[in-house]
Amino acid sequence: MPGVFVNYRTGDGEWAAALVKRELSARFGAGQVFYASQSIRLGEDFSREILSGLRRCEVLLALIGPRWVNAVDREGVRRLGKSDDWVRREILEAFDCGLRVIPVLMDGIDPLREADLPDALKRVARCQYLRIHHRSDDLDLPRLVDELVELVPELVAPRPSSAPRPARPAEGELRSPITEFRQALSEPLGQSVYERVQSAATAALELLTEARYPTSGHLDDSDLPAELEKRLTGYEHDLAPLLRLVAIGVRSGDRRHDEVWTGLVERFLRPRPRHHGANDAWVNATAYPALLLTCVIGVAAVAAGRDELLHRLLCQTSATSVDGRTTPVLRELALRNVVDPRHAAALPTWGGAPPHQALSVQLRQVLSRVFFNVVDGPAFEWAFADYEFLRSLLELHDAPFSSLGEFAVRLDHDDSVVYQRNAARLDAESALLRAGAFGGETANVAAAWRELRQATRARYS
């Protein structure tokens with residue numbers, strides 16, 4: 001896994017370097033961050049370890065404070081002009097090794113100018129930069145993490161071998177699509193939110209073609225699991241940029257864009273012609289992108305306390321068939337309708353999970369990466385379990401079966417924590433019931449809860 005090298009000068013912003021190191025270690029793991037004063041053990045060769053650590057990284061963050069350009073040594077010689085200056089050596093080595101160098105400007109200093117730098121370092125002034133200020137580090141640090149995730153996705157999850165490496169950025173301040181999208185969410189009119197989301201959706205849909213994901217063709221049963229897993233993984237990578245925008249947008253809690261989120265699911269559920277000789281497993285799997293979108297919106301809605309959006313998504317948003325019939329998302333995207341539980345349990349990477357949990361396990365793992373730096377850690381785990389629990393209750397109110405998921409195993413062991421955690425959103429005055437869920441009746445909630453307990457006993461006992 002690639003890492004991040006923190007380059008800084010003693011006496012010129014150690015506070016920022018320490019904050020950056022702490023934030024990145026918390027987000028990516030301490031092993032992903034090289035910070036010389038803590039990454040080199042006593043007795044080791046300092047020079048060798050620094051250069052070795054640098055070559056294992058993919059990004060160098062150059063922390064630049066007010067004295068960075070003109071710092072001098074005891075003899076009054078400019079440090080950046082000395083070949084043995086470690087700040088200079090690390091940056092030049094980073095360029096030589098092909099690392100992405102990102103200047104991080106501290107406390108409002110002006111962008112670097114080539115005229116102010118030694119010839120060997122003029123290239124630093126042409127690198128896109130970030131900013132961090134001691135008065136706004138609580139906002140600047142999460143943005144830094146967002147930018148790194150966009151530039152180096154492998155910090156969170158490995159890049160597939162077929163995925164291209166992102167192009168080097170142009171000059172100026174570094175602003176990824178995620179940063180631009182967060183800015184758009186804060187705008188009073190918010191029109192650009194719709195445009196950005198629809199653009200990302202169009203880009204994803206252009207990848208989901210019959211030529212790329214053919215639905216016809218025969219496979220032996222022994223070959224199906226591996227090929228199906230490969231296909232689902234492809235869908236996950238194709239939708240990743242869109243899913244991240246949606247997670248951030250819904251989690252913001254802004255009600256102005258609810259139609260954007262539900263409209264996306266309908267757009268991805270538009271009927272496609274069935275080709276001659278189509279394989280049912282492939283046809284069903286074409287709904288996986290819509291399932292991913294639905295799960296992201298649902299989990300983000302739960303995390304944001306947007307229960308009315310959850311009801312609108314699952315019960316009032318529909319798929320329309322070629323003959324004009326409509327089916328609520330709740331039924332159309334029931335897990336078993338997208339991937340047969342027997343196939344899910346046999347997929348190579350997902351193997352080991354019981355059939356009725358395998359797809360749930362995979363979705364949780366995929367979404368944990370989507371929600372990185374949006375809803376993290378236990379908060380994400382709870383939101384995901386609560387979403388699956390509420391979806392299952394709504395399914396059992398609507399029909400005599402449920403997708404269930406990982407949470408159901410805990411229910412089978414008389415652990416009703418998930419029910420207790422959601423009790424407030426299931427009473428008569430809750431936003432969920434006032435929106436029309438369970439017909440607005442708590443008696444229907446109780447009936448669905450009984451059905452859920454019976455379903456878990458029948459399936460797992």
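Screening Ile297, Leu293, Leu367 for a side chain to side chain contact (heavy atoms under 4.5 Å, CB included) with Leu243, the sole residue that qualifies is Leu293.
Contact check for Phe389 versus Phe384: no side-chain heavy atoms found under the 4.5 Å cut-off. Contact check for Phe371 versus Val296: side-chain heavy atoms found under the 4.5 Å cut-off. At least one side-chain heavy atom of Leu363 sits less than 4.5 Å from a side-chain heavy atom of Leu292. Side chains of Leu224 and Trp282 form a contact here, defined as non-hydrogen atoms less than 4.5 Å apart. The side-chain heavy atoms of Thr317 and Pro328, taken from C-beta on, include no pair separated by under 4.5 Å. For the pair Leu239 and Phe268, the minimum side-chain heavy-atom distance is below 4.5 Å. Residues Thr262 and Leu309 have side chains in contact (heavy-atom distance under 4.5 Å, counting atoms from C-beta outward). Two residues are said to be in side-chain contact when any heavy atoms from C-beta on lie closer than 4.5 Å; Leu24 and Leu148 meet this criterion.
What you find for Leu242 and Val197 is that their closest heavy atoms are CD1-O, 3.8 Å. Between Val33 and Val6, the shortest heavy-atom distance links the atoms CG1-CG2, 3.9 Å. Annotation for Ala431 and Asp307: closest pair CB-CB, 4.3 Å, computed over non-hydrogen atoms. Closest non-hydrogen pair, Ala281 versus Asn279, comes out as N-OD1, 2.8 Å.
No donor-acceptor distance shorter than 3.5 angstrom exists from the side chain of Ser199 to the backbone of Glu195, with no hydrogens or angles considered. Within the 3.5 Å criterion, the main-chain N or O of Arg325 finds a donor-acceptor partner in the side chain of Ser321. With hydrogens and angles ignored, the 3.5 Å screen pairs no side-chain donor or acceptor of Arg391 with any backbone N or O of Gly298.
For Tyr8 and Tyr35, the gap between ring centers is short of 6.0 Å.
Under a cut-off of 6.0 angstrom, the local environment of CZ in Arg22 is sparse, with at most 12 non-hydrogen atoms contributed by other residues, nucleotides or ligands. Taking a 6.0 Å sphere around CD of Glu259, one finds it holds 12 or fewer heavy atoms contributed by other residues, nucleotides or ligands. Other residues, nucleotides and ligands contribute over 12 non-hydrogen atoms within 6.0 Å of the CH2 atom of Trp15.
Between Glu308 and Arg312 there is no salt bridge, since no side-chain nitrogen of the basic residue lies less than 4.0 Å from a carboxylate oxygen of the acidic one. Under 4.0 Å is where a charged nitrogen must lie from a carboxylate oxygen, and between Arg143 and Glu147 at least one such pair does. By the 4.0 Å N-to-carboxylate-O rule, Arg131 lies too far from Asp107 to be salt-bridged with it. With respect to the salt-bridge test (charged N to carboxylate O, under 4.0 angstrom), the residues Asp146 and Arg27 do not qualify.
Gln362 and Glu236 form a side-chain donor-acceptor contact under 3.5 Å, judged by distance and modelled atom types alone. Checking Ser360 against Glu388 by side-chain atom types alone, a donor-acceptor pair falls below 3.5 Å. Arg306 and Ser252 share no donor-acceptor pair across their side chains, judged by distance under 3.5 Å alone. For Glu210 and Thr215, the side-chain atoms include at least one donor-acceptor pair closer than 3.5 Å.
Ring planes of Trp449 and Tyr419: parallel class, angle under 30° (limits at 30 and 60°).
Atom CG of Leu310 sits about 6.0 Å away from atom CG of Leu390, to the nearest 0.5 Å.
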